Structure formats: C-alpha cells, structure tokens
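The basis for the numbers below is simple: all heavy atoms, side chains too, and nothing from hydrogens, waters or symmetry mates. Since the structure is predicted, the reported quantities are computational estimates derived from the model, not experimental observations. Residue numbers start from 1 in every chain, and the chains themselves are labelled A, B, ... in the order their sequence lines are given, proteins ahead of strands.
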Amino acid sequence: MKTIFHVDMDAFFVSVEELFDPSLKGKAVVVGGPKDARGVVSAASYEARKFGVHSALPLRTAAKLCPHAIFLNGHPDRYRDYSHKVHGVLNEFSPKVEMASVDEAYMDLTGTERLLGPPLQAAHRLHLRMKQVTGLNCSVGIATSRLVAKVSSDQAKPNGILWVQPGLEANFLAPLDVRRIPGVGKVTEQKLKDYGIRKVGDLARLDEPFLRRRFGQWGLALAGKSHGMDAGSWFDGDIGDNDDPKSISHEHTFDTDTAEPMELEATLARLAEKVARRLREHEFHANIVHLKLRYKDFTTLTRSKTLPQSTQLDHELIAESRHLFRQAWDGKTPIRLIGTGVSGFEAHEGQLGLLDSEKNQRARQALAAVDRIRDKYGEKSVKLATGLTADHAERVHENPVGLPGKGPRDKSK
DNA sequence: TCTGGGGTCCTAGGACCC
DNA sequence: TCTGGGGTCCTAGGACCC
C-alpha cells in the first residue's frame with residue numbers, strides 16, 4: 001500500500017507576485033496580461049475569484065467581471081525560480097518527487113513513517129517548511145493513488161491538508177462531479193451526462209461491458225478511476241522517473257490576424273530558432289518537425305514531417321517549418337496563430353560525426369558561439385539573420401554573430 | 001465571453017513489411 | 001483470383017492539463 005502526496009501551490013503566480021509587491025495582498029489580482037489584450041487569465045487571486053474570474057478565462061471577460069482588478073503580465077522567470085525552490089523543499093521529505101507542472105508535484109512517501117511520522121504529521125511539517133523557505137502556501141492531498149491524492153489536494157484548497165485513508169477512496173470520490181476526475185473535461189462530461197451520469201458514484205455503479213461498448217478503452221480507464229485507481233497509462237510508473245521532455249514547441253498569437261507572408265515567415269523563423277536553442281540545451285536531436293496554424297474562426301490545422309536525419313540546427317528547423325507552412329497555407333487567409341515544434345528525440349552524437357557535412361559542422365560551431373553569448377548577455381544580445389529567405393547556413397558562416405544593428409538584418413529586398 | 005502558450009496522451013487510417 | 005493477420009511507422013486531429 002503506497003502513500004502518495006500531491007502538493008499543489010495556492011494561486012501560485014499571484015502569490016509569487018505578492019512576495020515581490022506585498023501591496024497586492026488581499027486585492028483582486030489577475031496574471032495573464034493587460035485587460036484589453038488578446039489572451040487568457042493564467043492565475044487569479046482569491047479576491048478576484050469572488051467575481052467569477054478564473055484561469056483560462058479571456059482577459060477581456062475578466063475585465064468586465066472585475067473592472068477594479070489589477071492586471072499583471074507576470075514574471076515567468078520568477079515562477080521558474082520559485083518552482084525550483086518548491087522542488088527543493090519537497091526533496092527534503094522524499095527522494096521520489098515528480099514535478100507535474102511549475103506549481104504542483106507528486107511525492108512517494110511510502111515507508112517514511114519512522115522518519116517523518118504518520119502522513120498527516122509529515123504533511124503538516126511539509127506545510128510549515130514550505131512557508132518558511134518559500135513564503136508560499138500549498139495544499140496537500142494524501143492517498144494511496146496519484147488520482148485520489150490529486151483530487152483530495154483540490155478539495156483541501158486553500159492552504160489545507162486532506163488525507164483519504166486506505167479503503168475509503170471510492171466513498172470519497174462518489175459524491176463528486178465526474179468533472180473532478182483528472183482527464184474528464186467538458187466533452188467527456190457532456191457525453192456522460194447524456195447517459196445520466198453526473199457523479200463519480202454513478203460511474204462506479206456501471207458495469208464494465210457497458211463502459212467498454214460506449215467509450216472503448218477510455219471507458220475501462222474511467223471505471224478504474226471512479227474507484228480511485230490510477231487506471232490507464234497516464235499515471236503508470238514510479239514517481240520520479242519522468243524527466244525528459246517528449247516535445248518542444250513555441251507558438252505566437254498575433255495582436256491582429258495577418259496575411260503578410262513576410263511577417264508570418266519571420267515570426268516562424270524566430271520561433272524555430274527558440275525551439276532549436278532549447279534542443280541544444282537538452283543536447284537532443286529531433287527527427288519530427290511540426291507546424292501549427294490557427295485562423296480567425298479558430299479552426300486549427302497541424303502538419304508534421306519526419307526527417308530522414310535528426311537535427312538540432314536553426315537553419316534546418318527554419319527551412320523545414322517554412323516548407324510545411326508554404327505547403328499548408330493558401331497565401332491569403334488571415335492567420336491568428338503560428339507555431340512550430342519538434343518531437344522524436346534522440347540523445348545521440350557520435351556515429352554521425354563522420355557523416356556530418358562540413359557545412360553543418362561550421363553551422364554547429366557558430367551556433368554554439370551564439371548560445372554562449374546569449375547565456376552571458378541575454379537572449380536579445382545576438383540576432384541571427386533568420387527572417388531571410390536565403391541560404392541560412394551560408395549566412396551563418398559569413399556572419400555568425402551579428403550584434404544588433406550590425407548583422408544582416410534587411411529582411412525585405 | 002471570444003478564446004495564450006507549453007505540454008501529454010489517445011485514436012485512426014493508410015503505408016509498408018513479414 | 002481472391003484475399004490472411006499482425007506490427008510498426010507516419011500523419012492529422014482532438015481531448016485534456018496547468
């Protein structure tokens with residue numbers, strides 16, 4: 001029988017902002033951007049939530065519901081920083097910690113009783129220690145499965161601890177809306193409602209053949225979840241061995257939709273550069289390139305291409321994503337969002353060395369130099385000639401490091 | 001209301017291979 | 001001529017999470 005903790009930071013982004021500006025405390029605060037921007041709420045203070053503001057709500061809607069709220073852009077670097085501090089605190093309690101996102105984590109505390117005491121006592125100490133080190137509140141759910149621990153931390157909010165004792169999982173879940181089950185969103189909730197299923201208890205009473213007929217494999221997983229089990233491949237595996245990313249992507253939504261090829265391709269190149277940069281940071285090579293487009297009416301299309309040879313180089317990702325873009329776009333429909341990404345990672349190096357063209361080796365060296373300078377002086381210190389349609393590899397050789405204003409920045413011609 | 005950006009996982013058809 | 005079964009890869013789309 002396992003003892004799983006789910007630790008969830010309370011109003012994380014807002015709370016970090018309050019640490020840097022205590023005058024925000026107790027006020028309606030919305031992190032996500034200016035009130036008139038195209039975008040959604042990333043986090044809302046409890047005060048703002050009283051007015052119906054919640055995450056994922058369009059900012060403009062939030063401004064109508066709560067006109068007096070303070071709207072902040074937020075500081076992703078600070079959140080990442082504090083996320084590391086949180087991770088550090090959790091590691092004091094168990095070596096088996098898995099950050100599920102910036103502000104939440106699973107921990108395996110099985111067999112720590114002799115050291116930390118019974119679960120509630122350990123959770124209490126964790127609570128205090130978290131506040132002491134980070135200045136932040138968190139909620140802790142304790143159970144025998146990840147699923148139930150997660151649901152119980154949710155029920156414990158804010159700043160609470162909730163332990164669902166072994167054997168009581170199904171009883172705990174039964175009265176809750178099916179929507180509380182991680183993995184059940186709007187669509188599944190509606191489908192279940194069509195069958196009169198609203199509460200987790202309703203779900204738990206159904207027989208498996210029925211669920212399998214109506215929902216396939218997903219139905220069987222749902223049945224398990226309704227009893228508190230970590231069903232499906234989702235939650236499988238030990239806590240803590242889930243490190244490396246499986247995909248890396250960047251996307252951009254324009255302030256106003258655009259059909260300007262120059263603007264679109266320059267943006268795409270910039271995004272591809274960021275992707276390549278992160279690929280090199282991880283020392284990954286990717287062999288699948290993805291493109292994403294979203295039109296005014298929000299219809300979204302994706303294209304992807306498996307490369308014959310994996311890469312981590314700017315010019316190759318730029319060329320491939322641009323190729324996908326030119327194939328996918330009709331050249332006139334205004335575009336709201338453009339994005340690119342990679343997947344299919346290999347950690348390799350080695351056998352390729354000999355096959356690597358001299359051209360790519362030089363591009364690689366040039367990019368390594370650029371990465372080092374960016375590490376030192378910041379992302380904007382170096383600008384590559386990426387908006388260009390010319391052969392980037394050649395450009396990179398001629399002018400590997402173009403300081404702002406000095407590099408070949410003429411994008412038009 | 002008018003919908004970000006970064007991810008994960010699942011499904012499903014067709015290609016291709018044995 | 002009619003016609004297997006299974007496995008894996010590729011691609012597109014979609015649900016969902018924070």
Side-chain contact check for A:Val40: nearest option of B:dT8, B:dG4, B:dG6 is B:dG4

Select base, sugar-phosphate, or nothing to describe what A:Ser55 touches, counting heavy atoms under 4.0 Å on all strands.
nothing

As a test of reading the structure: which of B:dT8, B:dG6, C:dC17 is closest to the side chain of A:Arg278, going by heavy atoms?
B:dG6

Of C:dC18, B:dG7, C:dC16, the nucleotide closest to the side chain of A:Ser249 is B:dG7

Under the criterion of centre distance below 5.5 Å and interplanar angle below 30°, is A:Phe298 classified as stacked on the base of B:dC2?
no

Side chain of A:Arg336, heavy atoms from C-beta onward: which of B:dG4, B:dG5, C:dA12 has the nearest atom to it?
B:dG4

For B:dA12, give its Watson-Crick or G-U wobble partner with both distances under 3.5 Å, or none.
C:dT11

Exactly one candidate in A:Arg277, A:Glu273, A:Arg270, A:Arg278 meets side chain to side chain contact (heavy atoms under 4.5 Å, CB included) with A:His250; the answer is A:Arg278

Using the side-chain heavy atoms of A:Ser304, tell me which of these nucleotides is nearest: B:dG7, B:dG6, C:dT11.
C:dT11

Would you mind pulling out the nucleotide paired to C:dC18, Watson-Crick or G-U wobble, both distances under 3.5 Å?
B:dG5

side-chain hydrogen bond (donor to acceptor under 3.5 Å, both in side chains) assessment of A:Thr144 paired with A:Glu169
CA-CA 8 Å; A:Thr144 56; A:Glu169 294 84 358; 2.7 Å; yes

By the 4.0 Å heavy-atom rule, please label A:Leu301 as base, sugar-phosphate, or nothing.
sugar-phosphate

